[in-house]
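Read the structure below first, then the notes.
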Amino acid sequence: MNKRTIGMSVNFIKNYADDVNGFVVNFYGGEALLESTNIFRIIHELSSYFGDKVSFDISSNGYNLNKEIIYFILKYNVSLSVSLDGIRDIHDRNRRTITDKNTYDTIISNLYLFKSINPEEYNKRIRILITAESLKDIEVMNYNYPRLKDLLGVKPLLV
């Protein structure tokens with residue numbers, strides 16, 4: 001997203017949401033955290049203008065989650081929805097990097113990093129989306145659920 005598009009988007013929100021009681025801005029599509037610098041800029045500007053009237057949600061695969069992003073999420077009260085296709089084998093079958101590498105272990109590690117930095121806020125802000133392609137996948141995920149349960153937090157699990 002270029003600066004002009006960012007500016008137009010922010011101005012549009014300022015013009016049309018100014019008289020609303022509260023609203024959420026969602027960032028999704030592709031991998032949102034690849035644009036973290038632009039997202040940070042938008043969140044900062046809208047938070048400065050609207051204060052507590054605006055909240056934010058980022059949908060991500062969690063692969064690029066790092067300390068800088070985690071601290072930003074904490075500072076600006078951002079919720080994070082992470083896509084996880086169940087256990088390692090199911091996930092890595094469906095979600096690979098552009099260079100065809102597995103992603104599950106990195107995502108799980110990134111989620112544990114967030115949880116280690118601030119467990120209470122992690123539990124409030126993280127929502128994990130788990131997809132299943134078949135009944136067999138659901139059975140396998142159910143069997144392995146105790147391993148994933150530690151990362152689920154208090155927000156709803158989406159399937």
Side-chain angles (χ1 to χ4, degrees), residues 1-86 88 91-92 94-132 148-159:
M1 187 181 284
N2 64 42
K3 288 181 181 182
R4 182 175 181 271
T5 303
I6 291 170
M8 289 172 52
S9 300
V10 167
N11 287 335
F12 176 86
I13 293 169
K14 286 179 178 178
N15 290 332
Y16 289 96
D18 208 20
D19 57 352
V20 217
N21 290 331
F23 62 98
V24 179
V25 175
N26 293 288
F27 299 93
Y28 61 91
E31 172 44 39
L33 292 181
L34 289 175
E35 292 288 331
S36 61
T37 302
N38 289 331
I39 289 173
F40 291 178
R41 183 171 162 219
I42 293 167
I43 289 174
H44 175 74
E45 189 167 342
L46 291 175
S47 289
S48 297
Y49 186 82
F50 288 107
D52 292 340
K53 200 164 115 169
V54 62
S55 59
F56 304 93
D57 185 80
I58 299 173
S59 294
S60 170
N61 62 24
Y63 190 79
N64 294 302
L65 189 62
N66 59 40
K67 282 184 179 180
E68 177 189 10
I69 292 169
I70 292 167
Y71 285 115
F72 187 88
I73 285 170
L74 293 169
K75 179 178 179 180
Y76 285 95
N77 197 23
V78 176
S79 294
L80 181 66
S81 299
V82 176
S83 302
L84 193 62
D85 287 358
R88 180 183 294 111
H91 178 88
D92 283 341
N94 297 314
R95 306 223 182 217
R96 304 185 69 75
T97 67
I98 196 164
T99 57
D100 202 36
K101 293 180 182 172
N102 295 335
T103 59
Y104 182 89
D105 290 334
T106 299
I107 294 166
I108 294 298
S109 175
N110 292 344
L111 290 172
Y112 275 115
L113 173 65
F114 190 139
K115 192 167 186 172
S116 73
I117 290 172
N118 193 324
E120 183 178 334
E121 290 301 319
Y122 172 92
N123 286 335
K124 291 179 193 175
R125 295 167 195 259
I126 293 289
R127 181 179 13 209
I128 297 178
L129 168 67
I130 296 181
T131 58
L148 292 174
K149 185 179 179 191
D150 186 46
L151 291 172
L152 295 181
V154 296
K155 284 205 172 185
L157 170 69
L158 307 171
V159 180

Task: Close side-chain approach of I43 to F27, heavy-atom, < 4.5 Å - done: yes
Task: Contacts of N64 that satisfy side-chain hydrogen bond (donor to acceptor under 3.5 Å, both in side chains) - sequence neighbours left out - done: none
- [ ] Examine distances only and state if a side-chain atom of S48 and a backbone atom of H44 form a donor-acceptor pair shorter than 3.5 Å.
- [x] yes
Open item on the list: Are the side chains of I108 and L84 in contact, using a 4.5 Å heavy-atom criterion?
Closed with: yes
TODO: Answer whether the closest heavy-atom distance between the side chains of N123 and K115 falls below 4.5 Å.
DONE: yes
Open item on the list: Using 0.5 Å steps for rounding, measure from the CZ atom of F50 to the CD atom of E45.
Closed with: 10.0 Å
- [ ] Indicate the atoms forming the closest heavy-atom contact of Y16 with V20, along with that distance.
- [x] O-CG2, 4.0 Å
Open item on the list: Nearest 0.5 angstrom please: L34 CG to M1 CE, how far?
Closed with: 13.0 Å
Open item on the list: Is it true that, when you exclude K53 itself, more than 12 heavy atoms of the residues, nucleotides or ligands shown sit nearer than 6.0 Å to its NZ?
Closed with: yes
- [ ] Compare all side-chain heavy atoms of I13 with those of F23 and state whether any distance is below 4.5 angstrom.
- [x] yes
Open item on the list: Looking at Y28, I'd like to know if its OH atom is crowded, meaning that more than 12 non-hydrogen atoms belonging to other residues, nucleotides or ligands lie closer than 6.0 Å.
Closed with: no
TODO: Hey, could you give me the CD1/CD1 distance between I42 and I6, rounded to the nearest 0.5 Å?
DONE: 5.0 Å
Task: Spacing of S36 atom OG and I73 atom CD1 [to the nearest 0.5 Å] - done: 9.5 Å
Open item on the list: Show the nearest heavy-atom pair for residues H91 and S83, with the distance to one decimal.
Closed with: CE1-O, 4.0 Å
Task: N/O donor-acceptor pair under 3.5 Å between R96 side chain and D92 backbone - done: yes
Open item on the list: Working note: N77 + R125, criterion side-chain contact (heavy atoms from CB on, under 4.5 Å); need CA distance, chi angles, decisive distance, verdict.
Closed with: CA-CA 8 Å; N77 197 23; R125 295 167 195 259; 3.2 Å; yes
Task: Heavy-atom donor-acceptor pair, S116 side chain to L113 backbone, under 3.5 Å - done: yes
TODO: Please confirm whether the backbone N or O of E68 pairs with a side-chain atom of N66, one donor and one acceptor, at under 3.5 Å?
DONE: yes
Task: Any side-chain heavy-atom pair of E121 and I126 under 4.5 Å - done: no
Task: Exercise: identify the closest heavy-atom pair between F56 and Y76 - done: CD1-O, 4.3 Å
- [ ] Would you please classify the geometry between the Y122 ring and the F114 ring as parallel, tilted or perpendicular, with 30° and 60° separating the classes?
- [x] perpendicular
Task: Nearest atoms (heavy-atom pairs only) where L80 meets D57 - done: N-OD1, 4.0 Å
Open item on the list: Other residues, nucleotides and ligands only: do more than 12 of their heavy atoms fall within 6.0 Å of CG on N2?
Closed with: yes
Open item on the list: To the closest 0.5 Å, what do you measure between CZ (R88) and OG1 (T103)?
Closed with: 11.0 Å
Open item on the list: Within this structure, what is the CD1-OH distance for the pair I69 and Y71, rounded to the nearest 0.5 Å?
Closed with: 13.5 Å
Open item on the list: I need the minimum non-hydrogen distance between Y63 and N110, along with the two atoms involved.
Closed with: O-ND2, 2.9 Å
Open item on the list: Please determine whether the number of non-hydrogen atoms from other residues, nucleotides or ligands lying under 6.0 Å from atom NZ of K14 exceeds 12.
Closed with: yes
- [ ] Could you tell me which non-hydrogen atom of N61 sits nearest to which non-hydrogen atom of V82, and how far apart they are?
- [x] O-CG1, 3.7 Å
